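Heavy-atom basis, side chains included; hydrogens, waters and symmetry copies ignored. So that the names make sense, note that chain A is the first sequence line, chain B the second, and so on, each numbered from 1. Computed from a prediction, not measured in an experiment: that's the story for all the values here.
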Number of protein chains: 2
Amino acid sequence: MAKLVTDESKNTRTHQEIRAENERAILKAAEAVFVAHGLKGATMQAIADLAGIPKANVHYYYQSKKKLYIAVLTSIVEDWNTGLEDIHEDSDPKQSLETFIRLKLDSAFNHPNHHKLFAVEVINGAPYLHQLMTTKMNQWAERKSAVIKSWYDQGKISINDPLQLLILIWTTTQRYAEFDTEILNLFGKDAYDDEDKKRVAEFLIPFILRGCGL
Amino acid sequence: MAKLVTDESKNTRTHQEIRAENERAILKAAEAVFVAHGLKGATMQAIADLAGIPKANVHYYYQSKKKLYIAVLTSIVEDWNTGLEDIHEDSDPKQSLETFIRLKLDSAFNHPNHHKLFAVEVINGAPYLHQLMTTKMNQWAERKSAVIKSWYDQGKISINDPLQLLILIWTTTQRYAEFDTEILNLFGKDAYDDEDKKRVAEFLIPFILRGCGL
DNA sequence: GTCTATATCCGGATAGAC
DNA sequence: GTCTATCCGGATATAGAC
C-alpha cells in the first residue's frame with residue numbers, strides 16, 4: 001500500500017518533471033529559432049530538432065506556432081521591467097543610475113536573444129506584445145519619470161526630460177545585445193569577453209552620468 | 001518621318017517611364033511589407049497588392065523574392081554612411097558632432113522604414129548585408145575613430161574610445177525610427193510632429209556633448 | 001505521452017494567352 | 001509588357017497506432 005502510493009507519486013512526479021523539462025527545452029529552442037529566422041521563417045521542425053523532440057510533440061505541448069511564439073514572448077517579458085525598483089525622491093541619482101545601467105548591461109550580455117526577439121517584435125509594430133505589456137510599460141516609465149523629475153526639481157540632476165533619459169539608457173544598453181554581430185565585428189572579436197564587458201560599462205556609465213550633469 | 005521618330009521616341013520613353021515607375025512602386029511597397037512582416041513573412045501577393053500591380057508582374061521585374069529583398073536593401077544602404085564626411089583633426093568637435101547628430105536624426109525621422117529594415121537585418125545576423133557592407137562600414141568607422149582619437153590626443157574631447165561613441169550616436173538616433181511605435185506610445189502621440197523632433201534634438205545633442213566633456 | 005504517416009493549405013514561381 | 005490560371009514544394013497541423 002505504502003509502496004503503491006510511493007510508486008504512484010514517483011511516477012507522477014517523474015511525469016511532471018518530464019513535462020516541465022520538455023517545455024523548457026522547447027521554449028529555449030524556439031527562442032533561438034525565432035531569433036534566427038523570425039516568426040514566419042521559423043519552422044516547427046527546426047524547433048523540434050533543436051529541442052531533440054519529435055515535431056508532433058511540440059504540437060502536443062504548444063498547440064500552434066503562434067501559441068508557442070506568444071509563450072516565448074511572455075516568458076521573456078516577465079523579468080523585463082526589473083531594475084530601478086527601489087528608487088525614490090531621496091535616492092542618490094548617481095548611485096541609482098549606475099546600478100540601473102549595470103543591471104541593463106548584465107541583462108543584455110546574458111540574454112541577447114531575449115533582447116533581439118523583443119526588438120524585432122517592437123520594430124514590426126509589436127503585433128503580439130502590444131496588449132501584453134504596453135500599458136504596464138507606460139505605467140512603469142511614468143512612475144520612474146516622476147522620480148527623476150523630482151530629482152530635477154531638487155537640483156540633483158540637470159535632466160528635465162526623464163522619459164528621454166530612460167529611452168536613452170534602454171537603447172544604449174540593449175544595443176550591445178541586439179547588434180552583437182555588428183559590434184563584435186567592429187571590436188574584432190567573436191564573442192564578448194570580460195574585458196569587453198568592462199570596457200563597455202566603463203565607457204557608458206561615466207558618459208551617461210556626465211550627460212546628466214552628475 | 002520626323003513625326004515617326006517623334007512617335008517612336010515618345011513610345012520608348014513612355015515605356016521606360018512605365019518600367020521605372022513600376023519598379024519604384026514595387027520597391028516602395030516591398031519596403032513596407034518587409035518591414036511589417038519580415039523577409040519570410042512578407043508575401044509577393046501583399047507587395048503586389050500594395051503596389052497596385054499583378055503578382056506575376058512583380059516576378060517579371062524582380063525574378064524572385066530574394067532578389068527583390070536584396071534590391072530593397074541595396075537601395076537603402078547606398079546613402080548609409082553619409083555624414084561626418086568632412087571632419088579632420090582640426091575640425092571643431094562640438095560643431096562636427098552636432099551636425100552629425102542632426103543628420104542622423106533627420107534620416108531617422110524621414111526614413112523610419114529604412115532603419116527598421118536595416119536593424120532587423122543586423123539583429124538576424126545580417127545574412128544578406130554582410131558581404132554587401134560590413135567591410136565598408138568597418139573602414140568608415142575606423143577612419144572616423146582615428147579623427148576622434150586625434151581630438152582626444154589634442155585634448156579637445158574627453159572620449160578615448162571613439163568606436164563606442166560612434167555606436168552610441170548611431171544607436172540613440174536610429175532608435176527613434178526603429179522603435180517609433182513604442183516611443184510614440186510613450187509620448188502619447190500618433191506621429192512625430194515638429195515639436196517632438198525639436199524636443200528630441202534638444203535633449204540628445206546637449207546630452208551627448210556633455211557626455212563627451214564638451 | 002510518444003511518434004509516424006498524412007491531410008491540408010499557402011505561397012513562390014511559371015506557363016502561356018493576350 | 002501584362003495578367004490569368006496553375007503547378008508544386010514546403011510547412012502547419014492532425015489522425016491514429018503504439
Side-chain angles (χ1 to χ4, degrees), chain A residues 7-73 124 127-128, chain B residues 7-73 124 127-128:
Chain A
D7 278 0
E8 265 176 359
S9 84
K10 195 171 140 198
N11 280 344
T12 307
R13 207 167 59 84
T14 302
H15 223 96
Q16 290 174 340
E17 278 174 5
I18 288 173
R19 169 173 276 275
E21 175 120 352
N22 281 341
E23 284 178 351
R24 248 188 10 83
I26 293 170
L27 272 185
K28 195 180 158 189
E31 196 181 291
V33 176
F34 282 136
V35 166
H37 300 102
L39 171 54
K40 290 287 297 194
T43 69
M44 296 298 266
Q45 189 63 62
I47 293 169
D49 290 349
L50 189 59
I53 286 170
K55 186 176 65 150
N57 293 25
V58 177
H59 274 99
Y60 170 72
Y61 286 110
Y62 302 88
Q63 292 70 39
S64 71
K65 188 159 84 158
K66 251 189 194 159
K67 283 187 184 174
L68 176 52
Y69 181 70
I70 290 174
V72 172
L73 275 187
N124 288 341
Y128 295 96
Chain B
D7 278 359
E8 264 175 1
S9 83
K10 195 172 143 200
N11 281 342
T12 306
R13 206 166 61 83
T14 302
H15 224 97
Q16 290 174 340
E17 276 175 7
I18 289 173
R19 168 172 277 275
E21 175 119 353
N22 282 340
E23 285 178 350
R24 248 187 11 84
I26 293 170
L27 273 185
K28 196 180 157 188
E31 198 180 289
V33 176
F34 282 136
V35 165
H37 301 102
L39 172 53
K40 292 286 296 195
T43 69
M44 296 297 267
Q45 188 64 62
I47 294 169
D49 288 350
L50 189 60
I53 286 170
K55 185 174 70 149
N57 293 25
V58 177
H59 274 98
Y60 170 73
Y61 285 110
Y62 301 88
Q63 292 70 40
S64 71
K65 189 159 85 157
K66 251 190 194 158
K67 282 187 185 175
L68 176 53
Y69 181 70
I70 290 174
V72 172
L73 274 188
N124 289 339
Y128 294 97

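In this structure, A/Ile53 atom CD1 and C/dT2 atom P are separated by 8 Å, rounded to whole Å. In this structure, B/Glu21 atom CD and D/dT2 atom C1' are separated by 16 Å, rounded to whole Å. Between the P atom of C/dT14 and the CD atom of B/Gln63 lies a distance of 9 Å, rounded to the nearest Å. Atom NE2 of A/His59 is separated from atom P of D/dG16 by 17 Å (rounded to the nearest Å). Computed from coordinates, the B/Phe34 CZ to C/dG12 P distance equals 9 Å when rounded to whole Å. Taking atom CG of residue A/Asp49 and atom C1' of nucleotide D/dA11, one finds them 13 Å apart after rounding to whole Å. Between A/Ile18 atom CD1 and C/dT2 atom C1' there is a gap of 11 Å when expressed in whole angstrom units. At whole-Å resolution of the value, CE in B/Met44 and P in D/dG9 are 19 Å apart.
Picking from D/dT14, C/dG1, C/dT2 the nucleotide with the shortest atom distance to the side chain of A/Arg19 gives C/dG1. Listed candidates were D/dC3, D/dT12, C/dG1. Nearest to the side chain of A/Lys65 is D/dT12. Checking C/dA13, D/dT4, C/dC3 against every side-chain atom of A/Ala56, the shortest atom distance belongs to C/dC3. In this structure, of D/dT2, C/dA13, C/dG1, it is C/dG1 that holds the atom nearest to the side chain of A/Tyr60. For B/Asn57, the side-chain atoms get nearest to D/dT2 when compared with the rest of D/dG1, C/dA13, D/dT2. Listed nucleotides: C/dT2, C/dG12, D/dA11. Nearest to the side chain of A/Thr43: D/dA11.
As judged by a 4.0 angstrom heavy-atom cut-off over every strand, B/Tyr61 is placed among residues touching the sugar-phosphate backbone only. Within the 4.0 angstrom heavy-atom criterion, only backbone atoms of the sugar-phosphate kind lie near B/Ala42; the bases stay farther away.
Between B/Ile47 and B/Phe34 there is a side-chain heavy-atom pair separated by less than 4.5 Å. Residues B/Gln45 and B/Asp49 form a side-chain contact, since some pair of their non-hydrogen atoms from C-beta on lies under 4.5 Å apart.
By the neighbour-count criterion of 12 heavy atoms within 6.0 Å, atom NE2 of B/His59 is densely surrounded, having more than that number from other residues, nucleotides or ligands.
For a distance-only test at 3.5 Å, the side chain of B/Lys55 qualifies as a donor-acceptor partner of the base of C/dG12.
No option in A/Lys65, A/Lys67, A/Lys66 other than A/Lys67 meets the side chain to side chain contact (heavy atoms under 4.5 Å, CB included) test with A/Gln63.
Phosphate proximity of D/dG1 to B/Asn22: absent, as no side-chain N or O sits under 4.0 Å from OP1 or OP2.
Closest non-hydrogen pair, B/Ala48 versus B/Pro54, comes out as CB-C, 4.0 Å.
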